[in-house]
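The next block holds one structure in the form of structure tokens; read it before the comments.
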Amino acid sequence: MNEFLVFAFLFFIGSCMGWGIEVFFRRFVSRNNPEKKWINPGFLTGPYLPIYGFGLWGMYFVSMLSSMALTGNEVIDTVIILVIMTAAMTLIEYIAGLIFIRGMKVRLWDYSREKFNFQGIICPKFSMAWGILGCFYYFVINPYVIDWVVWLSYHLAFSFVIGMFFGVFAIDVCYSFNVSAKIRRFAEEKEAVIKYEELKDFLGRRKEELHKKRGFMFSFNTGEPVLNELERYFENVRQQRIKKTADVKEAIRKKRGKGGKGKDEKH
């Protein structure tokens, strides 16, 4: 079968499955969503996350090492494959995060609060999550991947669905990059990096203020010009920073006051 069609199929499956994983993670697990709302994750509008598509490619290639005797010990070989999968997924995550931060002035995710994080892009906690996902892929999904490919070879009409997916995907990429270009120009003017999830949440609350439905897909469409909403977002972030600084200073002042009072009472 055409290798291009196989990789297109794997990218399609990985992107859509990854999107589903992220939707449920944000709804039921993430601490950054205390209100437990349904959130459309990622940079694009539609139900797909390209990072998982590339990730499935990576795991598919790494899993091919199982046909080789790396050390001669099956258990050790499996451990090595899983470690490589974890490292590959972490590397993909780092490269994707770095491209958006450096190139688009957008931070799609923020691990800066996690222990031992590196540039807020990767951290041991989520590398471990990639490792768990790699285990699930290797032991549960990978045995069926070849079956999927064989099924596709007997149902080539399904390639029409894959073609439709990439058609919609291409339109979505153009739309999202158009929005991102405006965000980038704004971020460069303000000499800042925009936190994507934070911006989405702010615009969601803006829609509620305007008595509009939050919307699941078109997060940036509030009916107002994007640049106007970005100005409001930036001002909101600035006010929050001022408040946080003031709260910290007040806490320090109270702590010092209590310490001074204790000393006076001793005398």
Would you compute the distance between atom [atom1] of [X] and atom [atom2] of [Y] and round it to the nearest 0.5 angstrom?
X: Leu203; Y: Glu224; atom1: CG; atom2: CD; value: 11.0 Å
X: Leu56; Y: Ile141; atom1: CG; atom2: CD1; value: 7.5 Å
X: Met59; Y: Ile81; atom1: CE; atom2: CD1; value: 13.5 Å

Is any NZ, NE, NH1 or NH2 atom of the basic residue among [X] and [Y] found under 4.0 Å from an Asp or Glu carboxylate oxygen of the other?
X: Lys200; Y: Glu229; value: no
X: Glu235; Y: Arg238; value: yes
X: Arg184; Y: Glu189; value: no
X: Arg205; Y: Glu208; value: no

Please report the closest heavy-atom contact between [X] and [Y], naming both atoms and the distance.
X: Lys105; Y: Ala192; result: CB-O, 4.2 Å
X: Leu133; Y: Ile21; result: CD1-CD1, 4.0 Å
X: Ser15; Y: Gly53; result: OG-CA, 3.5 Å
X: Gly55; Y: Met89; result: CA-SD, 3.3 Å
X: Leu44; Y: Val173; result: CD2-CA, 3.9 Å
X: Gly134; Y: Met85; result: O-SD, 3.8 Å

Are [X] and [Y] packed together at the side-chain level, in the sense that at least one heavy-atom pair is separated by less than 4.5 angstrom?
X: Arg107; Y: Tyr196; result: no
X: Tyr48; Y: Asp172; result: yes
X: Val106; Y: Val193; result: no
X: Leu199; Y: Phe234; result: no
X: Ile13; Y: Phe9; result: yes
X: Pro50; Y: Phe169; result: yes
X: Asp77; Y: Ser66; result: no

Yes or no on salt bridge (charged side-chain N to carboxylate O under 4.0 Å, His left out) for Glu197 and Arg26, after CA distance, side-chain angles and deciding distance? CA-CA 11 Å; Glu197 295 294 337; Arg26 282 166 168 72; 3.4 Å; yes

So, the side chain of Asn228 versus the backbone of Pro225: is there a donor-acceptor pair under 3.5 Å, distance only?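 A pair under 3.5 Å: no.
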
Side-chain (Thr78) to main-chain (Glu74) donor-acceptor, under 3.5 angstrom: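 Yes, the answer is positive, given that a donor and an acceptor are paired below the 3.5 Å cut-off.
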
Indicate if [X] and [Y] have the same hydrophobic cluster label, given that clusters are the connected sets of ILVMFWY residues with side-chain heavy-atom separations under 4.5 angstrom.
X: Phe126; Y: Ile99; value: no
X: Phe160; Y: Leu10; value: no
X: Val168; Y: Val23; value: yes
X: Met64; Y: Phe7; value: yes
X: Ile132; Y: Leu49; value: no

Test applied, side-chain contact (heavy atoms from CB on, under 4.5 Å); reference residue, [X]; option that passes from [options]:
X: Val62; options: Asn142, Ile84, Thr86, Val83; value: Ile84
X: Ile121; options: Leu108, Asp110, Leu98, Ile95; value: Leu98
X: Ile252; options: Lys249, Arg256, Lys254, Glu250; value: Arg256

Would you call the rings of Phe158 and Trp151 parallel, tilted or perpendicular, taking 30° and 60° as the class edges?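 Aromatic pair Phe158/Trp151 classed perpendicular.
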
Using the ring of each side chain (for Trp, its six-membered ring), is Phe165 parallel, tilted or perpendicular to Phe12, with breaks at 30° and 60°?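 The arrangement is perpendicular - the two ring planes meet at more than 60°.
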
Assert yes or no for the condition that the ring centre distance of [X] to [Y] is strictly below 6.0 Å.
X: Trp38; Y: Phe24; value: yes
X: Phe43; Y: Phe177; value: yes
X: Tyr60; Y: Trp57; value: no

Evaluate the side-chain contact (heavy atoms from CB on, under 4.5 Å) criterion for residues Asn117 and Ile122: first the C-alpha distance (whole Å), next the side-chain angles of each, then the deciding distance (0.1 Å), finally the verdict. CA-CA 6 Å; Asn117 74 85; Ile122 56 175; over 6 Å; no

Within 6.0 Å of [atom1] in [X], more than 12 heavy atoms from elsewhere:
X: Met164; atom1: CE; value: no
X: Lys36; atom1: NZ; value: yes
X: Gln240; atom1: CD; value: yes
X: Glu191; atom1: CD; value: no

Does the side chain of Gln119 come under 3.5 Å of the side chain of Tyr111 through a donor N or O and an acceptor N or O?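 There is no such pair between these side chains.
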
Could you check whether Trp130 and Glu93, counting side-chain N and O atoms only, form a donor-acceptor pair closer than 3.5 Å?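 Judged by distance alone, the side chains do pair up.
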
Checking Arg206 against Glu209 for the salt bridge (charged side-chain N to carboxylate O under 4.0 Å, His left out) test, could you report, in this order, the C-alpha distance in whole Å, the side-chain angles of both residues, the deciding distance, and whether it holds? CA-CA 5 Å; Arg206 274 283 297 157; Glu209 290 174 6; 3.7 Å; yes

Could you walk me through whether Tyr144 and Asp147 satisfy the side-chain contact (heavy atoms from CB on, under 4.5 Å) test, starting with their C-alpha distance in whole Å, then the side-chain angles of each, then the deciding distance to 0.1 Å, before giving a yes or no? CA-CA 5 Å; Tyr144 297 100; Asp147 292 338; 4.0 Å; yes

With sequence neighbours left out, write down each residue that passes ring pair (Phe, Tyr, Trp, His ring centres under 6.0 Å) with Phe166, or none if nothing qualifies.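 Counting only residues at least two positions away or on another chain, Phe166 forms a ring pair (Phe, Tyr, Trp, His ring centres under 6.0 Å) with Phe11.
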
Go through Asp201 and Tyr233 one step at a time and tell me if the side-chain contact (heavy atoms from CB on, under 4.5 Å) criterion holds. CA-CA 10 Å; Asp201 181 63; Tyr233 161 76; over 6 Å; no

Between Tyr137 and Ser63, is the side-chain contact (heavy atoms from CB on, under 4.5 Å) condition met? List the steps. CA-CA 9 Å; Tyr137 169 81; Ser63 66; 4.1 Å; yes

